[in-house]
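Just below is one structure, and these are the notes that go with it.
Each ligand, and each atom within it, is numbered from 1 in the order the structure gives. We number each residue from 1, following the sequence as shown.
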Amino acid sequence: MIPTGAARFAGVAGHPVAHSLSPVLMQHWIDAADLDALYVPFPVAPEDFDRVVAGLARAGCAGLNVTLPHKEAALELADTASASARAVGAANLLTFSASGIHADNTDIAGFLYALAPASIDYSKTRALVFGAGGAARALVYGLLTAGVTKLAICNRNLTRAEGLARDIAPDASLVPWEARDDALDGSTLIINATSLGLGGRDDLDLDWQRVASGSVAFDSVYTPLKTGFLAAAADRGLTAIDGLDMLIGQARPSFQAFFGRPVPDLPAIRHRLIHQLEAQ
Ligand code: NAP
């Protein structure tokens, strides 16, 4: 349907935002559900973020997805926030209502959505997370809520990993970057939450022979879809999951929050996004 003057609208704010797949994803679902709605990319510089959000909220926007570099600022400006957004220290979803601006973090749900097909028994999982930035914080929080009790975090900057552990996972063991291959022994879920591999550059190289068969590898990166990290995990015979399903999974609760209905069930959406990625 072509949007009318009464259309409900939402969007994504980022800096830059032109590479975002969210407009393609959301508009695809809007069209499939035949909603009088639209979803708009908003390029917003950091110094303008608060004013743009306040203006959009006043103009009747339903809410915003928030991407880099605004995720911390989004949490700070909100009137209320979910416990998960507060724990992670970042929000990727703002919803606007008469009672104010509410912040949430749906990256956590997106991550667990991506892992769901692997049918992981989290209570028996030994998880190893590489990274300690915003994505790692959401993933670590997701692992703990899913029931993981054996967790190791390995980051180049160990102080940052210590901060993550202090804030979210005090029982996690911390692994110095130089010992990353040693940490693979006994790990059954290996996660790349660093930006290594992004854009096909500087892959996270690991000695995959040390990982037991039957283990799962997840890469938060989805450009490219098949990073060196995932290719090597697949060569080892492991279940290898890319970051695209996390993107789809984080958008699902956002769509529900903006447009008041669940996402239409469209298995083809992944192909549509891959097509979009190839065109970029
Ligand atoms: P961030 O906060 O900037 O953190 C970057 C992380 O990468 C840090 O742990 C950093 O380590 C590490 N890193 C960067 N360059 C490195 C290098 N040369 N060697 C070793 N470690 C390096 O970024 P983020 O927001 O957490 O994002 C991380 C990744 O997750 C990105 O690729 C992003 O695209 C992806 N992501 C995916 C989704 C999705 O839906 N699939 C959602 C969010 C994020 P130091 O602390 O030592 O610098």
Distance (rounded to the nearest 0.5 Å) between Gln276 CD and Ser20 OG: 10.0 Å
Atoms in ligand 1 flagged as close to Val221, the criterion being non-hydrogen separation under 4.0 Å: 32 (O)
Nitrogen or oxygen of Gly243 less than 3.5 angstrom from that of ligand 1: yes
Residue part near ligand 1, for Asn157, under 4.0 Å between non-hydrogen atoms: both
Any Trp177 heavy atom less than 4.0 Å from ligand 1: yes
Subset of ligand 1 atoms that lie under 4.0 Å from at least one heavy atom of Tyr222: 39 (C), 41 (N)
Heavy-atom pair with the smallest gap, counting every atom of Pro253 and Gln250: CD-O, 3.6 Å
Enclosure of Arg210 CZ (heavy-atom neighbours >12, cutoff 6.0 Å): yes
Close aromatic pair by centroid cut-off 6.0 Å: Phe111 and Phe218: yes
Side chain, backbone, both or neither: the part of Leu196 lying under 4.0 Å from ligand 1 by heavy atom: side chain
Closest protein heavy atom to atom 30 (O) of ligand 1, given as residue, atom name and distance to 0.1 Å: Ser220 OG, 3.1 Å
Ligand-residue contact atoms, ligand 1 with Gly131, heavy atoms, under 4.0 Å: 9 (O)
Residue, atom name and distance, where the atom is the protein heavy atom closest to atom 8 (C) of ligand 1: Arg160 NH1, 3.4 Å
Close-contact set for ligand 1 against Ala132 heavy atoms, below 4.0 Å: 9 (O)
Under 4.0 Å to a heavy atom of Leu247 - the qualifying atoms of ligand 1, by number: 40 (O)
Atom 46 (O) of ligand 1 touched by protein heavy atom at under 4.0 Å: yes
Lys226/Asp242 ion pair, N-O < 4.0 Å: no
Nearest-neighbour protein heavy atom for atom 34 (O) of ligand 1, which is reported as residue plus atom name and distance: Leu198 CD1, 4.0 Å
Parallel, tilted or perpendicular, as decided by the 30° and 60° cut-offs, for the rings of His15 and His70: tilted
Parallel, tilted or perpendicular, as decided by the 30° and 60° cut-offs, for the rings of Tyr39 and Phe258: tilted
Ion pair Arg180/Asp207, N-O distance below 4.0 Å: no
Exercise: do Asn65 and Ser254 side chains pair donor with acceptor under 3.5 Å: yes
Taking atom 12 (C) of ligand 1 as the reference point, the nearest protein heavy atom with its distance: Thr194 CB, 3.7 Å
Thr95 and His102 side chains, donor-acceptor separation under 3.5 Å: no
Any non-hydrogen protein atom less than 4.0 Å away from atom 20 (C) of ligand 1: yes
Protein residue, atom and distance nearest to atom 5 (C) of ligand 1, heavy-atom basis: Ser195 OG, 3.9 Å
Sub-4.0 Å atoms of ligand 1 with respect to non-hydrogen atoms of Ala193: 28 (C)
Nearest neighbour in protein (non-hydrogen) for atom 43 (C) of ligand 1: Lys71 NZ, 3.9 Å
For atom 9 (O) of ligand 1, the protein heavy atom that lies nearest, with its residue and separation: Asn155 OD1, 2.7 Å
Ligand 1 atoms in contact with Gly133 (distance to a heavy atom under 4.0 Å): 2 (O), 4 (O), 9 (O), 26 (O)
Nearest neighbour in protein (non-hydrogen) for atom 18 (N) of ligand 1: Arg156 NH1, 3.3 Å
Full working for salt bridge (charged side-chain N to carboxylate O under 4.0 Å, His left out) between Asp36 and Arg8: CA-CA 7 Å; Asp36 185 11; Arg8 202 164 165 77; over 6 Å; no
Ligand-side contact atoms (ligand 1) for residue partner Ala135, heavy atom cut-off under 4.0 Å: 24 (P), 25 (O), 26 (O), 27 (O), 28 (C), 30 (O), 44 (C)
